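Quick note on labels: first sequence line is chain A, next is B, and so on, each numbered from 1. Since the model is a prediction, treat every value here as computed from it, not as a measurement.
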Amino acid sequence: MPHRWGMAVDLDRCTGCEACVTACHAENNIPTVGPEQAARGRAMHWIRVERYWEGDFPDVRLKFRPVMCQQCDAAPCEPVCPTYASHHTADGLNAQVYNRCIGTRYCANACPYNVRFFDFFNPQWPKPLHLQLNPDVSVREVGVMEKCTFCVQRISAVRTQAKAETREIKDGDIKPACAQACPAKALVFGDLNDPESEVSRLSRSPRGSKLLDDLGTLPKVTYLARPSDS
Amino acid sequence: MDRRDFIKLTAITGTSATLASCGNPEHQLIRFIPDDDLVPGVAEWKPSVCPLCSAGCGLSVRVMEADAEVVRNGERGLVKIAAAKKLEGQPDHPINQGGLCPRGQAAIQITYHPDRLTQPMTRSGARGSGEWKPITWDEAIAEIVSQLDQVAGEPAALAFLARPRRSRRLELATAFVRGFGAPAPITFELFGDEVLRRANAISFGRDQLPTYDLARSRYVIAFGADFLGTWNSPVAQNAGYGAMRQGHPQVRGTFVQVESRMSPTGANADEWVPVKPGTEGVLALGLAHVILKNNLRPDRGADRGAGAPGVNNVRGGGAPGLNDVRAGASIEGWSGGLTAYTPEQVEKISGIAAKRVERLARELAEHGPAVAIVGGPPLAQTNGLFTALAVNALNALLGTVGQPGGVSFMPQVSQPLAVSPKPFEGLATAKVLLIDDANPVFASPKAWKMRETLEKIPFIASFGSFIDDTSSLADLILPDHSFLESWTDGLPESGAAVAVANVAGPVMRPLHNTRATPDVLLDVAGKLKKPVTLPWKSFDEMLTSSMPEAAWATVQKQGWAEVTGPTPVARPALRAIAYAEPTFDGDAGQFPFHFLPYASQALYDGSLAHLPWLQELPDPLTSAMWSSWVEINPSTAQRLNIAQGDLVDVTSSQGTLRAPAIVSPGIAPDVIAMPVGQGHQTFTRYASNRGANPVSILAPVTEAETGALAWAATRVKIARAGDPDGSLIMFAGEMREHPHEHEVR
Amino acid sequence: MSKDSARRISAMNEDLLRPLVETSWRFWLLVAVLGSIVATGLGTWAYQMYRGFGMTGINMPIYWAFYITTFVFWIGISHAGTLISAILRLVNAGWRRPVTRCAEVITAFALMIGAMFPIIHLGRPWLFFWLMPYPNQRMIWPNFRSPLVWDFFAISTYLTGSLLFLLLPMIPDLALVRDKTTGWRHRVYGVLALGWQGTPKQWHRLESAMQIMAIAIIPVAVSVHTIVSFDFSMAPVPMWHSAIFGPYFVAGAIFSGIAALIIAMAALRKFLHLEEYLHPVHFQNLGKLMLMMSLLWTYFIFNERLTVWYGNASAEREVFLVTQRGSFAPLFWTMVACNFAIPFVILSIKKLRTITGCVIASFTVVIGMWLERFLIVVPSLGHKYLPYTWGHYRPRPVEIIIVASTFAAMVLLYVLFSKLVPIISIWELKVGEHFVADATPQEAAEHPLLKAHP
Ligand SMILES: Nc1nc2c(c(=O)[nH]1)N[C@H]1C(S)=C(S)[C@@H](COP(=O)(O)OP(=O)(O)OC[C@H]3O[C@@H](n4cnc5c(=O)[nH]c(N)nc54)[C@H](O)[C@@H]3O)O[C@H]1N2
Ligand SMILES: Nc1nc2c(c(=O)[nH]1)N[C@H]1C(S)=C(S)[C@@H](COP(=O)(O)OP(=O)(O)OC[C@H]3O[C@@H](n4cnc5c(=O)[nH]c(N)nc54)[C@H](O)[C@@H]3O)O[C@H]1N2
Ligand code: SF4
Ligand code: SF4
Ligand code: SF4
Ligand code: SF4
Ligand code: SF4
């Protein structure tokens with residue numbers, strides 16, 4: 001059976017620390033754009049920790065919600081892409097082929113979660129900052145769209161390794177950078193087609209829901225609610 | 001990597017580093033030879049230690065082949081090196097258990113920073129002018145040796161300034177200055193925890209920071225501590241917190257946060273209790289009063305909860321000196337049932353309704369194991385020690401000291417840290433100052449006149465890797481290797497159940513013509529006219545000799561080892577103290593607002609403002625990046641006609657700063673908060689002249705008992721100073737212009 | 001043929017061919033001014049490509065703004081010509097004769113300019129051809145499910161059709177120019193006239209072709225703007241995802257197209273002194289048509305907004321409110337004034353429905369319809385489902401310059417065209433005069449039409 005990669009985000013564990021955000025930058029060669037461009041709304045964070053206030057002082061509450069590409073099974077970003085740069089892979093990922101992208105930004109408009117980021121300029125890595133670049137991840141150039149890939153390079157590496165060892169991929173073998181870094185273990189990644197996997201178990205939790213479920217995008221990320229929120 | 005590889009790498013590093021520093025042209029041959037054990041495209045993982053805070057998280061560094069451009073004596077060459085590519089939390093490390101905080105993730109940018117100092121330099125213009133002349137290591141060492149020789153025999157003439165970190169590195173520096181006849185290093189940290197250390201020494205006989213077994217707590221009440229953000233051992237605490245919430249089937253721990261400005265930690269609380277600054281200890285004792293009066297004290301046998309599942313297997317129960325009677329004895333009126341702290345009285349002082357005090361106390365007592373945490377702003381008041389002792393006493397009453405789900409103390413093998421409450425006093429007599437990566441000019445109140453003090457010191461040498469507010473005043477720059485290029489160590493004092501010694505060798509060769517500071521000190525020690533004799537030839541030799549062979553073998557494999565030894569026990573004089581009203585600098589009429597600087601989730605105390613990943617990390621509560629801001633309650637903002645992004649002047653008795661406003665519902669109407677981190681005069685291209693430094697307007701108020709800086713005890717006034725100037729940069733787009741539209745409806 | 005009508009014919013030839021043979025310094029000045037604006041626009045585009053797309057004001061989450069607005073705007077304007085002239089031809093509205101060609105030219109040029117924008121707005125415009133199917137060794141095709149690929153087919157079909165529709169009835173006039181000129185002009189127009197001799201067979205074929213084209217072009221035109229509307233309505237974006245968009249866009253397109261046509265006719269009338277051929281009644285009639293479209297447009301936007309308001313779905317309500325009452329309200333109410341209030345007053349009161357009145361109304365409609373597209377594109381993208389990601393947009397100089405230069409490009413192309421081809425269809429006008437019965441043999445010889453065509 002093919003894999004179906006998914007993620008569970010436990011909002012009860014997540015403390016909003018943003019370790020996942022920096023980890024994703026480090027893993028995926030996501031550039032910083034600098035203050036001027038950031039002020040123009042061009043900062044790139046494939047995963048962001050949204051926060052929402054509720055109530056007024058002193059009865060004020062706050063919610064954190066890490067949001068990355070939801071890897072929708074019915075991804076609105078895919079059919080609109082004229083070049084198949086945004087497309088579905090056999091294991092259910094919403095893949096982004098940077099080389100094929102011509103920068104219409106249509107996919108980003110169609111994505112209800114606003115998780116697609118555009119390279120408005122060529123990224124800057126003043127030397128020797130370039131030495132930190134991950135050789136397993138391409139550096140995107142100006143004019144293309146980029147977004148969370150579920151750290152596809154890590155998935156491939158484990159797949160290759162497992163194949164070489166003629167074994168199946170075990171639950172927990174693959175950890176995307178964000179999940180790896182998360183100190184509170186709020187992010188769990190795995191195969192949704194394996195009913196025994198941790199992520200499958202969590203996805204079936206009564207606390208679980210999908211972000212913007214009613215849009216019918218069939219996300220593969222499940223959010224587990226903070227019990228005190230309901 | 002096996003042992004042989006490790007030694008090989010160490011040998012290569014050592015040799016090349018030494019040769020690199022000779023200044024002879026022939027070593028270029030060596031420098032341009034590729035690392036021959038590299039397999040292109042194949043990653044190796046090597047252990048290291050996160051250097052950014054005293055938590056001491058273990059790193060696993062991904063190392064791969066890369067083409068590095070190196071310049072040696074003016075010649076440029078490309079060399080294939082093993083380059084660190086990514087830092088990850090070491091899965092088996094007892095403190096961080098695989099996780100890292102956002103700052104730890106970004107630490108790699110220190111090594112590759114484009115503005116890192118690449119070679120020794122001497123000042124060529126006026127002090128602070130930023131004009132430098134490159135020199136060779138020989139010249140640099142000769143210069144510092146001659147400066148030291150000139151002051152030999154004058155004991156107070158040499159001062160060594162460092163950040164307080166329990167480490168062999170600091171021990172080496174201490175041995176060096178002591179051998180020279182000078183006083184121990186002066187260590188200063190803005191968000192240092194002297195008050196809590198002192199309180200723990202009094203209450204529990206342990207002069208150190210506490211470890212919390214949150215994973216097994218059922219009820220956590222925290223007083224001001226940003227323990228999920230920046231305080232103490234945040235990664236360990238996040239791990240415990242996650243397990244407390246969802247680590248056990250059916251049971252979910254409750255978390256209550258008491259503070260006057262919602263911290264990122266408070267944002268996670270089930271119940272958020274805003275409190276008048278400086279009255280947290282009263283609340284703690286009020287809770288204790290209710291428990292004592294109603295005889296709710298949980299009966300917690302030693303076995304209670306021992307079988308509970310947990311991530312962090314705390315075995316602190318039998319730790320020496322742990323004595324809950326002593327904790328109570330430090331509080332006046334404890335044995336009499338704390339009659340001065342009735343819920344009504346607590347309501348009067350702290351502003352928290354008596355009913356609420358009553359309920360919280362019952363919840364605490366009934367839903368054990370419960371633990372109280374204190375740290376941060378409540379201890380940065382004039383009555384901070386009282387507050388810390390009160391919370392310690394509450395913990396003792398709850399019966400979870402040294403117990404599963406409670407507070408305990410990690411065994412230690414090193415002496416407690418000596419933090420200097422007033423570092424400028426120690427510097428007044430100095431003629432030669434050595435600075436190891438401390439930036440007190442930035443991180444101390446203007447009233448301390450740190451800059452003026454340093455300007456009077458005839459000779460300053462800095463080992464730091466960057467020109468910052470302090471090292472810009474130096475005469476000589478002796479840049480250190482980065483932590484990835486050298487031996488690095490730390491002796492964390494909290495976050496795990498066992499004594500952990502972090503020691504890791506270099507994971508890559510030095511990129512620049514730098515030298516490991518401990519080795520430079522050893523080199524200098526031997527070259528003095530009256531040599532300082534130290535028992536080690538190199539820093540790694542010191543590290544080797546610091547632990548048994550078996551532990552050393554473990555360290556080489558994983559970067560840390562459990563070490564054993566007698567834990568030092570503190571026995572400070574015991575005196576029962578009572579609540580004293582906190583005093584604040586500034587008249588309440590003229591300066592109506594409490595001013596609360598806080599450690600920024602991204603930039604910490606400002607020492608990380610030079611890392612672009614952290615500058616562009618959206619603040620968890622405001623989404624601000626690359627900015628300074630002032631948090632104001634909406635009703636206050638409305639009253640003062642201040643809107644999001646408007647510039648405001650914040651004025652204390654010490655001066656005025658200007659920054660954009662952020663209107664936030666998570667702050668009391670009489671409190672103004674501001675993140676520390678920006679406002680550097682000079683600190684690389686990313687942080688120089690960006691934003692404002694709240695520390696600069698702090699009054700030199702100190703905690704009454706310890707003399708520590710009471711950084712939350714300054715009052716200010718605020719006034720709208722102008723329209724938004726674009727300096728407030730936010731990631732959440734709508735918040736850039738319409739903050740009020742940015743709530744869930 | 002009466003003396004009178006003979007005089008009229010030769011005056012007609014003279015008036016309508018004059019711009020082709022006489023060139024004043026004013027013409028060159030105009031071309032120079034417009035040309036330099038267009039050159040500035042092209043230079044700015046090159047600059048944008050060189051520096052990076054970030055020179056625009058586009059940001060996360062407003063990934064489409066000025067360029068896509070202007071794309072829809074020009075494609076809308078293109079409905080002026082071919083569609084209107086096709087309808088008028090089919091219903092055989094006699095007053096159309098002087099109007100059809102200047103209308104059809106608008107279509108051709110507006111389409112060409114509009115089609116530039118999907119390329120200008122690309123992050124990597126040099127790879128624009130990946131939007132099209134083209135044979136390649138690796139057998140990589142565009143994604144036929146993408147509305148942007150539908151756009152390619154729709155626009156290229158409409159452009160081809162419109163060009164044919166424009167060129168076919170030009171043939172007799174090109175032949176006339178050939179016959180009336182000497183030297184290089186004679187030779188060039190000779191080639192362009194495709195050997196037109198005005199034989200009955202040729203007339204018959206031209207007539208049939210025109211008839212077929214007029215019928216065929218209508219569904220194409222309707223489909224083009226429907227497909228353009230699909231660029232929006234196919235995406236799950238609040239207030240984009242709407243079934244009303246197809247007809248709403250087509251109505252809006254015709255609406256703005258008429259406005260553009262009125263402005264073009266008024267300009268030609270004034271600058272080429274065509275008062276004799278473009279009468280107030282033409283403006284009156286087009287004005288009435290525009291009034292109807294204004295009411296239709298108002299009906300659509302009323303429907304669109306009422307259903308959203310009533311439905312009160314959370315995401316759509318945010319877009320609704322921010323347009324109706326929030327930061328976009330000034331633009332929204334300006335749009336309502338431009339597209340409804342002002343044209344309604346001017347065009348429904350007979351005394352105001354003068355040429356000047358119609359032109360004023362047309363200008364407000366052109367502005368209003370540009371705003372309409374802006375208000376469709378930007379507020380929705382700025383207010384998608386997750387409030388944390390809401391955002392704002394302000395255009396930056398490159399966008400303003402490039403968009404502005406396309407207006408200059410339109411005028412420039414128009415001016416050059418009317419310099420090279422009679423902007424009013426001479427033969428159709430002549431047919432409309434009904435003087436065939438008494439044509440002199442000499443007159444009949446002068447134009448075969450007069451013999452062959454009643
Ligand atoms: N999967 C896959 N495998 C392939 C191919 C394919 O297309 N796909 N192509 C095949 C073909 S056609 C070829 S030619 C081979 C190429 O395979 P290889 O010969 O392995 O070629 P490279 O890996 O490019 O280079 C080998 C090493 O030479 C080092 N090198 C560079 N310059 C020098 C030098 O001056 N002196 C020395 N001593 N070393 C140097 C480089 O750093 C590198 O580490 O791969 C074959 N294998
Ligand atoms: N950047 C970069 N460039 C290189 C090199 C490098 O390492 N890096 N290596 C250089 C070297 S050593 C070499 S040998 C060249 C190789 O360069 P190329 O000869 O271009 O090699 P490929 O791209 O591997 O294959 C060419 C094409 O052959 C097709 N093909 C495969 N099987 C068949 C077949 O049976 N029949 C036909 N007709 N076509 C077939 C493939 O689909 C592919 O489109 O590249 C050189 N260029
Ligand atoms: S979240 Fe957005 S980008 Fe990711 S698959 Fe879904 S629609 Fe596409
Ligand atoms: S921006 Fe790239 S990925 Fe997105 S729709 Fe356009 S071509 Fe496809
Ligand atoms: S899965 Fe990978 S790419 Fe996606 S957010 Fe996490 S770290 Fe980033
Ligand atoms: S790292 Fe984990 S806890 Fe921190 S913000 Fe991300 S998901 Fe939440
Ligand atoms: S808490 Fe963060 S900064 Fe401190 S040592 Fe751990 S990873 Fe490093």
Side-chain angles (χ1 to χ4, degrees), chain A residues 10 12-23 25-27 32-36 38-39 41 43-45 48-64 125-136 157 175 177 180-186 224 226-228, chain B residues 41 64 66 68-69 83 85-89 96 98-102 105-106 108-109 112-114 228-229 234-235 238-239 241-242 245-246 252 262 264-265 267-268 270 272 274 511 601 612-618 620-621 625-626 633-634 665-669 726 729 731 733 736 743-744:
Chain A
D10 194 333
D12 201 23
R13 280 180 183 263
C14 171
T15 64
C17 75
E18 305 210 17
C20 47
V21 181
T22 325
H25 272 260
E27 172 72 13
T32 50
V33 298
E36 289 79 20
M44 293 193 213
H45 300 294
R48 62 172 175 262
V49 181
E50 297 189 349
R51 78 95 183 82
Y52 293 98
W53 291 108
E54 282 169 25
D56 289 313
F57 184 87
D59 300 313
V60 54
R61 275 180 68 74
L62 196 144
K63 277 183 184 175
F64 289 121
W125 307 95
K127 278 181 186 173
L129 267 183
H130 70 291
L131 285 178
Q132 82 198 356
L133 291 176
N134 182 352
D136 297 345
K175 272 202 172 193
Q180 198 284 329
C182 176
K185 313 256 176 295
L224 305 174
R226 190 160 70 166
S228 52
Chain B
M64 286 183 89
E69 209 173 77
K85 289 289 175 185
K86 171 116 198 327
L87 309 184
E88 294 194 351
N96 54 316
L100 280 187
C101 79
Q105 282 286 348
I108 193 168
Q109 292 199 313
Y112 298 132
H113 201 290
L228 298 174
V235 177
N238 266 279
Y241 170 87
R245 291 300 210 179
Q246 289 296 331
R252 174 178 184 269
M262 189 178 271
T265 299
N268 292 286
D270 299 296
W272 186 66
L511 285 179
Q601 174 71 345
W613 278 341
L614 296 178
Q615 281 280 4
E616 205 159 298
L617 186 70
L621 264 58
M625 309 169 284
W626 298 97
N633 179 284
I667 187 167
I729 300 170
F731 180 56
R736 293 197 281 268
E743 288 169 23
V744 171

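Shown are B:Leu228, B:Leu100, B:Asn96, B:Val235; of these, the side chain to side chain contact (heavy atoms under 4.5 Å, CB included) with A:Pro183 is made only by B:Val235.
Although no hydrogens or angles enter the test, the distance criterion places no donor-acceptor pair under 3.5 Å between the side chain of B:Gln105 and the main chain of A:Val21. A donor-acceptor pair is defined here as one N or O able to donate and one able to accept, closer than 3.5 Å; such a pair exists between the side chain of B:Glu616 and the backbone of A:Val33. Judged purely by atom type and a 3.5 angstrom limit, B:Lys85 uses its side chain to pair as donor or acceptor with the backbone of A:Leu131.
Counting heavy-atom pairs under 4.5 Å between each of B:Pro618, B:Ala668, B:Pro634 and chain A puts B:Pro618 at the top. For the set A:Ala157, A:Cys182, A:Cys20, A:Cys17, the count of heavy-atom pairs under 4.5 angstrom toward chain B peaks at A:Cys17. When each of A:Ala177, A:Ala181, A:Pro135 is scored by its heavy-atom pairs under 4.5 Å with chain B, the top score falls to A:Ala181. Interface check for chain B: of the options A:His45, A:Lys185, A:Lys175, A:Met44, the most heavy-atom pairs under 4.5 Å are formed by A:His45. When the candidates A:Ala23, A:Pro35, A:Ala19 are compared by the number of heavy-atom contacts under 4.5 Å with chain B, A:Pro35 comes out ahead. Counting heavy-atom pairs under 4.5 Å between each of A:Ala26, A:Gly16, A:Cys14 and chain B puts A:Ala26 at the top. Contact count against chain A (heavy-atom pairs under 4.5 Å) is highest for B:Gly666 among B:Gly726, B:Gly666, B:Gly41, B:Ala66. Between chain A and the options B:Met64, B:Met625, B:Glu88, the largest number of non-hydrogen pairs under 4.5 Å is found for B:Glu88. For the set B:Pro234, B:Ala83, B:Pro612, B:Gly229, the count of heavy-atom pairs under 4.5 angstrom toward chain A peaks at B:Pro612.
At least one side-chain heavy atom of B:Met262 sits under 4.5 Å from a side-chain heavy atom of A:Leu62. Side-chain contact between B:Pro669 and A:Phe57: present, with at least one pair of heavy atoms (C-beta onward) separated by less than 4.5 Å. Proximity of A:Phe64 to B:Asn268: side-chain heavy atoms (C-beta onward) are separated by under 4.5 Å at one or more points. B:Pro620 is not listed as a side-chain neighbour of A:Arg51, based on a closest heavy-atom distance of 4.5 Å or more. The shortest distance between side-chain heavy atoms of A:Arg226 and B:Gln246 does not fall below 4.5 Å.
For the atom pair CH2 of A:Trp53 and CG of B:Leu621, the computed distance is 4.5 Å after rounding to the nearest 0.5 Å. Atom CZ of A:Arg48 and atom CZ of B:Phe731 lie 6.0 Å apart (nearest 0.5 Å). If you take CD1 on B:Ile108 and OG1 on A:Thr22, they are separated by 12.5 Å, rounding to the nearest 0.5 Å. The distance from atom NE2 of B:His113 to atom CD of A:Gln132, rounded to the nearest 0.5 Å, is 10.5 Å. Note that NE2 of A:His25 and CG of B:Leu614 are 10.0 Å apart. Values are rounded to the nearest 0.5 Å. The distance from the CH2 atom of B:Trp613 to the CG atom of A:Leu129 is 8.0 Å, given to the nearest 0.5 Å.
For chain B, the nearby part of A:Asp10 is the side chain; its heavy atoms alone come within less than 4.5 Å. Proximity to chain A (any heavy atom under 4.5 Å) is restricted, for B:Ile667, to the backbone atoms N, CA, C and O. Looking at A:Asp59, there are no atoms closer than 4.5 Å to chain B (heavy atoms on both sides), in backbone or side chain. Within the 4.5 angstrom heavy-atom criterion, atoms from both the backbone and the side chain of A:Lys127 approach chain B. Heavy atoms closer than 4.5 Å to chain A are found in the side chain of B:Gln601, but not in its backbone. Of the atoms belonging to B:Asn633, it is side-chain heavy atoms, and not backbone ones, that fall under 4.5 Å from chain A.
Closest of all the heavy-atom pairs between B:Pro665 and A:Gly55 is CB-O, 4.2 Å. Across all non-hydrogen atoms, the minimal contact from A:Gly34 to B:Trp626 is CA-CZ2, 3.5 Å.
With hydrogens and angles left out, the side-chain atoms of A:Thr15 and B:Asn238 include a donor and acceptor closer than 3.5 Å.
Evaluation of the side chain to side chain donor-acceptor pair (under 3.5 Å) rule for A:Glu27 yields A:Asn134, A:Gln153, A:Arg154 as partners, not counting sequence neighbours.
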